[in-house]
Amino acid sequence: MKKIKRRKSTNPARIISESFAAVIIIGALLLCLPISSKSGQFTPLLDCLFTSASATCVTGLVLYDTYTYWSAFGQGVLLMLIQIGGLGLVTFTSFFNLVIGRKLGLRGMKLASESINSTSFGDVPSLLRMIITFTLTVEAIGAVLLSLYFVPRYGMMGLAISGFLAISAFCNAGFDTLGFLGEYTSLTTFNDSYLVLFTIMMLIIVGGLGFIVWNDLLAYRKTKTLLLHTKIVLAVTAVLILMGAFCFMLFEWNNPATLQPLSLKEKIGAGFMQSVTMRTAGFNSIDLYSMKDTTKMLSIVLMFLGAAPGSTGGGVKVTTIAVIVMTAVSIVRGKDEACMLGRRLSSNVVYRSITILFFGIMVVSTTSIVLMSTCPLAENGLTGIDAVFEAVSAFATVGVSSGVTAVSSETSKVALIITMFIGRVGPVSFGLSLAAQKSVSRKLIIPEGKIVVG
């Protein structure tokens, strides 16, 4: 029993999962306090737990409008949860240990390596410093650019809006404090401002590419080469953004409830905004409830794919899908091993990708069934596709809503909380965190079984 307990305590996936859970619980307790709401009253614990989970898991699903319901203190708590959730509590604590000169040790290195998706212990200290420095720098630049629009219009309040939006966008959270323009409006009133839209889009993209990619890009001047991971992430991201924007404009161009009333400039901006934000950010510049079912299905696909590993975004990740697609292509071509850009992919990567996809589908399917069973969809003009939309949004930590969250029951809220948590931690990491023991490293010789597939 002592050995099992010791193995549990040194399981990096478990520690990371527990750190996220601890942050969510602390955030929920703070949000419950009367000081956190503008009304000065206690907020129901389940609603606070939902909001805290949404912020920590950088999702963006909300039960209350952030500006009109939460006080300055409550908004500060949400911003803290978003920043910690976007980078991970382990990343923060490991970085500050380095700052004060404390060595991480082997266990600390392993934990930090798991948290930031590093493949080498030796790179952990430099990568941790890069992550924090890069994050603060990009968020500051984003806040300055946004302030060029908001400060002339709203004065000092514009600075607070710019800072909140910059952090929320970089962390792919989707929370905003624009409720003074109308509750739950998000970015629907900014389609005519490319400065706001494209600044937020760039923050989302930068945060969604992942720190492994940016570390590789920053080192390119010295190395003159890019990792296969970086090439795949950049290529797939560019294709998804362009194809997503084109399809959004194609499907919604003549929809009187979304793009039709907008000018050509606004339609293009809104099309790209939706394509980018659906990949994990949670902002919206059009009415998502009024989108056509075709567009909602496109959104579901983009949300499920998500961002890159080691980023502030969610989903099953673009590299996971790229590996599975290229594995299928290789098999069709009669090859025994999966190949990508002239490189052979290890079987472990292929197996892990298939596992992530399988568990992702299982989580989304289960959550969708729960939402369909416990939410009054028909009474509120919602359908089954809206339930699937909401389930994928929670799992991929996107945060866009088609209206299901607003009418969710207590059971539905619990299901969405669990889904957001699994989506942020990762289905495989979540499964590993539940394991009592580490996986056995030695290979076991077992008889081969014959199964016919296809």
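Computed from a predicted model, the values in this text were never measured in an experiment.
Residue Met420 comes nearest to Leu61 through the heavy atom pair SD-CD1, 4.4 Å, listed as atom of the first residue, atom of the second, then distance. Nearest heavy atom pair, residue Ser186 against residue Asn284, reads OG-N, 3.1 Å. Across every non-hydrogen atom of Gly85 and Arg424, the tightest pair is O-NH2, 2.8 Å. Between Pro152 and Ser147 the shortest heavy-atom distance is CD-O, 3.3 Å. Closest approach of Ala28 to Cys48, counting heavy atoms only: O-CB, 3.5 Å. Smallest separation of non-hydrogen atoms from Leu357 and Ile321: CD1-CD1, 4.3 Å.
For the pair Phe251/Leu259, no side-chain contact is recorded, criterion being any heavy-atom separation below 4.5 Å from C-beta on. At a threshold of 4.5 Å between non-hydrogen side-chain atoms, the residues Leu203 and Ile167 do not count as touching. Looking at heavy atoms from C-beta onward, Leu209 lies in side-chain contact with Val233 at the 4.5 angstrom threshold. Between Leu298 and Cys247 there is a side-chain heavy-atom pair separated by less than 4.5 Å. Counting only heavy atoms from C-beta outward, the side chains of Phe20 and Thr56 approach each other to under 4.5 Å. Using a 4.5 Å cut-off on side-chain heavy atoms (C-beta onward), Ile131 and Trp214 make no contact. Leu217 places a side-chain heavy atom less than 4.5 Å from the side chain of Leu234. Taking 4.5 Å as the limit, some side-chain heavy atom of Val388 sits within range of a side-chain heavy atom of Met372.
Ser408 places a side-chain N or O within 3.5 Å of a backbone atom of Thr405 that can act as its donor or acceptor partner. Remark: side-chain polar atoms of Ser168 are not paired, donor with acceptor, to backbone N or O of Asp176 under 3.5 angstrom. Distance alone, capped at 3.5 Å, places no donor-acceptor pair between the Arg279 side chain and the Leu302 backbone. Side chain of Thr280 to backbone of Gly313: no donor-acceptor contact under 3.5 angstrom is found. In terms of modelled atom types and a separation under 3.5 Å, the side chain of Ser285 and the main chain of Leu187 share no donor-acceptor contact. At distances below 3.5 Å, at least one donor-acceptor pair connects side-chain atoms of Glu266 with backbone N or O atoms of Ser263. The backbone N or O of Leu227 sits less than 3.5 Å from a side-chain atom of Asp216, completing a donor-acceptor pair. When atom types are taken as modelled, the side chain of Thr51 and the backbone of Asp47 share a donor-acceptor pair closer than 3.5 angstrom. Listed for the Asn172 side chain is a donor-acceptor partner under 3.5 Å among the backbone atoms of Phe170. At least one donor-acceptor pair under 3.5 Å links the side chain of Ser54 to the backbone N or O of Gly60.
Rounded to the nearest 0.5 angstrom, Met297 CE and Thr294 OG1 are separated by 9.0 Å. Remark: Leu146 CG to Glu139 CD distance equals 11.5 Å, nearest 0.5 Å. Atom-to-atom distance recorded for Ile324:CD1 and Leu345:CG is 11.5 Å, nearest 0.5 angstrom. Going from atom OG of Ser368 over to atom CD of Glu390 covers 10.0 Å, rounded to the nearest 0.5 Å. To the nearest 0.5 Å, atom CH2 of residue Trp70 and atom NZ of residue Lys38 are 12.0 Å apart. One distance of note links CE of Met243 with OG of Ser275; it measures 9.5 Å at 0.5 Å rounding.
With sequence neighbours excluded, the residues satisfying salt bridge (Lys or Arg N to Asp or Glu O under 4.0 Å) with Asp386 are Lys296. Scanning for salt bridge (Lys or Arg N to Asp or Glu O under 4.0 Å) contacts around Asp65 gives an empty result, with sequence neighbours left out. The side chain to side chain donor-acceptor pair (under 3.5 Å) check on Ser290 picks up Asp287, with sequence neighbours excluded.
Side chains of Thr199 and Tyr194: a donor-acceptor N/O pair is absent below 3.5 angstrom, by distance only. Donor-acceptor pairing under 3.5 Å is lacking for the side chains of Gln75 and Thr177. For the residue pair Glu252 and Gln274, no side-chain donor N or O sits within less than 3.5 Å of a side-chain acceptor on the partner. Between the side chains of Ser409 and Ser412, at least one donor-acceptor pair of N or O atoms lies under 3.5 Å.
Remark: Arg153 qualifies as a cation-pi partner of Tyr149 under the 6.0 Å distance and 45° angle criteria applied to the six-membered ring. Annotation: cation-pi pair Lys267/Trp253 present, NZ/CZ under 6.0 Å from the ring centroid and within 45° of its normal.
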Residue pair Met303, Phe395: steps toward the side chain to side chain contact (heavy atoms under 4.5 Å, CB included) verdict:
CA-CA 9 Å; Met303 288 191 291; Phe395 170 75; over 6 Å; no

Using the rule given for side chain to side chain contact (heavy atoms under 4.5 Å, CB included), can you reason through Val398 versus Val392, listing the C-alpha separation, both sets of side-chain angles and the distance that settles it, and then say yes or no?
CA-CA 8 Å; Val398 179; Val392 175; over 6 Å; no

For side-chain hydrogen bond (donor to acceptor under 3.5 Å, both in side chains), just list the numbers for Thr43 and Tyr69, CA-CA rounded to whole Å, side-chain angles, deciding distance to a tenth of an Å, and then say yes or no.
CA-CA 10 Å; Thr43 304; Tyr69 185 85; 2.7 Å; yes

For Ile141 and Val144, run side chain to side chain contact (heavy atoms under 4.5 Å, CB included): C-alpha distance rounded to whole Å, both residues' side-chain angles, the deciding distance at 0.1 Å, then the answer.
CA-CA 5 Å; Ile141 293 173; Val144 170; 5.8 Å; no

Test side chain to side chain contact (heavy atoms under 4.5 Å, CB included) on Phe134 and Val206 and set out the steps.
CA-CA 10 Å; Phe134 183 79; Val206 171; 3.7 Å; yes

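By the 6.0 Å contact criterion, CE on Met362 is open, its count of non-hydrogen atoms from other residues, nucleotides or ligands being 12 or less. For CD of Glu410, the number of neighbouring non-hydrogen atoms (other residues, nucleotides, ligands) closer than 6.0 Å is 12 at most.
Ring-plane geometry between Phe198 and Phe272 is classed as tilted, the angle between the planes lying from 30 to 60 degrees on a 0 to 90 degree scale. The aromatic rings of Tyr67 and Phe180 lie perpendicular to each other, with more than 60° between the two planes, well past the 30° mark.
When each of Thr366, Thr367, Thr397 is paired with Thr419, the side chain to side chain donor-acceptor pair (under 3.5 Å) condition holds for Thr367 and for no other.
Checked against the 6.0 Å centroid threshold, Phe164 and Phe175 do not count as a close aromatic pair.
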